[in-house]
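So you know, we letter chains A, B, ... as the sequences are listed, proteins then strands, and number each from 1.
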Number of protein chains: 2
Amino acid sequence: MDDKNISQAVVARLPRYYRYLGDLRGSGIERISSQDLSKLMNVTASQIRQDFNNFGGFGQQGYGYNVEYLYNEIAKILGLNEKHNLIIIGAGNLGQALANYMNFERRGFIVKGIFDKNPDLYGKELRGIVVQPVERIEDFVRENAIDIAVLTIPKDGAVKTAEKLVRCNIKAIWNFAHVDLKVPESIVVENVHLSDSLMKLSYGIANQ
Amino acid sequence: MDDKNISQAVVARLPRYYRYLGDLRGSGIERISSQDLSKLMNVTASQIRQDFNNFGGFGQQGYGYNVEYLYNEIAKILGLNEKHNLIIIGAGNLGQALANYMNFERRGFIVKGIFDKNPDLYGKELRGIVVQPVERIEDFVRENAIDIAVLTIPKDGAVKTAEKLVRCNIKAIWNFAHVDLKVPESIVVENVHLSDSLMKLSYGIANQ
DNA sequence: AAAGAATTGACAATCATTTAACAATATTGT
DNA sequence: ACAATATTGTTAAATGATTGTCAATTCTTT
């Protein structure tokens, strides 16, 4: 599990496995073979076995994989058994939508604070959390053991804000700003570039 | 440009090139070599040249690439010169946020309609567009030459809705629902699975 | 308890992507 | 106008990812 050379391609597939296993589990299915799962997910059985074997074998010859067990193991690999405190920086459209929509708490991500630079929003409540001025970020991160910052601000401020977060030892940034952040390697950055995604879709229309 | 075997990896990198070239262009820079761009973007110069050559050479030996020209060529490849009518299905947190946040119009994506199944939202205006009942989707798509549907509804309804969209000849679906849609190959689906992204981030924290 | 069927984990083979190298060509400076 | 420099496009090599195969193992049935 602590293996450091798992390829990005494999990691990117884990959440999808987790989703399908959750569904199977919800349907009361106890075991599944790589072949049946491969048909369900539209990938090769070989890839499924190869992927799981990156983390040690979870299956049993002649039997397949126990759904519940595999589901829980993947959760562990993904770190979903750990709780993480997070803050949202940028209480605009997207920040508010994520706060309301993402169901963070159910997955062990605890929204501890929301910040904005617009004074009109100070004091506004979102899911019981009061919007604070961005000037308070640094103290707040240090005082509340914040692991994750969700960055939903325009690109102009994003780079500077990321540098600030680095200084107060944030562990990870979920970046929705349309810019590449420059942070030390030890800090996890997961980008969600929505306009890139829309351009890929546009490419698909143009070239199919 | 009509080449059909461009790898997904290459296409996924195009929006990033486009973004950097847009910035360079904004700074008034006229030309750039693959080497300079590679330093800027933190990739290899070889990859840049290889990527562009998938679509024909845009550079000139001894000179490099003309920023303005390359920028425009990538826009064409991505189909950004074409206008597309789109509808948003699901006027909840995320649907509203995207409508307000994405600046669709500036990029040639025209929001023509917004739909929801919640009667409380009928008639509500978002950016001048009135929310309509989902029952009207099929007629609306046909009557207004809609190319793209943005799916921001819970997973339960998403699969059925996608099937409905297929029947009225939608070209592409930008899918934010946490489920894999089953549609014919000719229809472009671009998934934005936010919880998958958050899990990848979680993995990053757990394994670094 | 034994035989047959199922299925994994590991390895090998194939396929795809990325990087390196370099000849061909254009630019720049003298 | 020439030599030196820069830089692409292309081909080859190296690396990485996916798929196929099969012995080893477990399960299931009789």
J.: Could you tell me the separation between the CG atom of B:Asn54 and the P atom of C:dA16, rounded to a whole number of Å?
T.: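 About 14 Å, once rounded to whole Å.
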J.: Looking for any heavy atom pair under 4.0 Å, which part of the strands does B:Tyr65 touch: base, sugar-phosphate only, or nothing?
T.: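 Result for B:Tyr65 = sugar-phosphate.
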J.: Taking 4.0 angstrom as the limit, do A:Asp23 and B:Lys155 come out as a salt bridge?
T.: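 Yes, charged N to carboxylate O under 4.0 Å.
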J.: In whole Å, what is the span from the CZ atom of A:Phe58 to the P atom of C:dT8?
T.: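 It is 14 Å, rounded to the nearest whole Å.
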J.: Taking OH from B:Tyr63 and P from C:dG29, how many angstroms apart are they, rounded to a whole number?
T.: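 Atom OH in B:Tyr63 sits about 14 Å away from atom P in C:dG29.
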J.: Look at the side-chain N and O atoms of B:Ser34 and state whether any lies under 4.0 Å from the OP1 or OP2 oxygen of D:dT7.
T.: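 False: B:Ser34 side-chain N/O out of range (4.0 Å or more) of D:dT7 OP1/OP2.
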J.: Using heavy atoms to find the nearest nucleotide of DNA chain D for B:Asn53 and B:Asp36 separately, return the residue whose nucleotide is more 5′.
T.: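 That would be B:Asp36.
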J.: Could you tell me how far apart A:Arg49 (CZ) and C:dG9 (P) are, to the nearest whole angstrom?
T.: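 Spelled out: CZ on A:Arg49 to P on C:dG9 is 8 Å.
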J.: Between A:Tyr65 and A:Phe52, is the gap from one ring center to the other below 6.0 Å?
T.: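 Yes; A:Phe52 has its ring centre under 6.0 Å from that of A:Tyr65.
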J.: Both B:Arg31 and A:Gln50 contact DNA chain D. Taking the nearest nucleotide for each, which residue is further toward the 5' end?
T.: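 Of the two residues, B:Arg31 wins.
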J.: What is the distance, rounded to the nearest whole Å, between atom CG of A:Asn42 and atom P of D:dT19?
T.: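 One finds 11 Å between P of D:dT19 and CG of A:Asn42, rounded.
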J.: Quickly work out the A:Ile6 CD1 to D:dA17 P distance and round it to whole Å.
T.: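 These atoms are roughly 11 Å apart.
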J.: Choose from C:dT25, D:dT25, D:dT18 the nucleotide whose nearest atom is closest to any side-chain atom of A:Ala9.
T.: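 Output: D:dT18.
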J.: Please tell me which of the listed nucleotides, C:dT7, D:dT21, C:dA24, lies nearest to the side chain of B:Gln61?
T.: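 Between C:dT7, D:dT21, C:dA24, the one nearest the side chain of B:Gln61 would be C:dA24.
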J.: Return whichever of B:Gln60 or B:Asp51 has its heavy-atom-nearest nucleotide of DNA chain C closer to the 5' end.
T.: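 It is B:Asp51 whose nearest nucleotide is closer to the 5' end.
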J.: Quick check for you: among C:dA21, C:dG9, D:dG20, whose closest atom lies nearest to any side-chain atom of B:Ser46?
T.: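 Looking only at side-chain atoms, B:Ser46 lies closest to C:dA21.
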J.: Under 4.0 Å between a side-chain N or O of A:Arg13 and OP1 or OP2 of D:dA17?
T.: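 It does not, given that no N or O in the side chain of A:Arg13 lies less than 4.0 Å from OP1 or OP2 of D:dA17.
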J.: Is B:Lys164 atom NZ crowded by more than 12 heavy atoms from other residues, nucleotides or ligands, each under 6.0 Å away?
T.: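 Yes, the 6.0 Å shell around NZ holds more than 12 heavy atoms from other groups.
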J.: With a 4.5 Å limit on heavy-atom distance, are the side chains of B:Ile48 and B:Tyr17 in contact?
T.: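 Side-chain contact under 4.5 Å: yes.
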J.: Could you tell me whether the phosphate oxygens of D:dG16, OP1 or OP2, come under 4.0 Å of any side-chain nitrogen or oxygen in A:Ser7?
T.: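 A:Ser7 to D:dG16 OP1/OP2: no side-chain N or O under 4.0 Å.
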J.: B:Gln35 CD to D:dG9 C1': how many Å, rounded?
T.: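 Going from CD in B:Gln35 over to C1' in D:dG9 covers 16 Å.
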J.: What is the distance, rounded to the nearest whole Å, between atom CD of B:Gln8 and atom P of D:dA17?
T.: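 It is 17 Å, rounded to the nearest whole Å.
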J.: Of the nucleotides D:dT7, C:dT8, D:dT18, which has the atom closest to the A:Gln47 side chain?
T.: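 Given the options D:dT7, C:dT8, D:dT18, the side chain of A:Gln47 is closest to D:dT18.
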J.: Consider side chain to side chain contact (heavy atoms under 4.5 Å, CB included). Of B:Val131, B:Ile153, B:Ile88, B:Thr152, which one does B:Asp116 pass it with?
T.: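 Going through the options one by one, the only one that passes is B:Val131.
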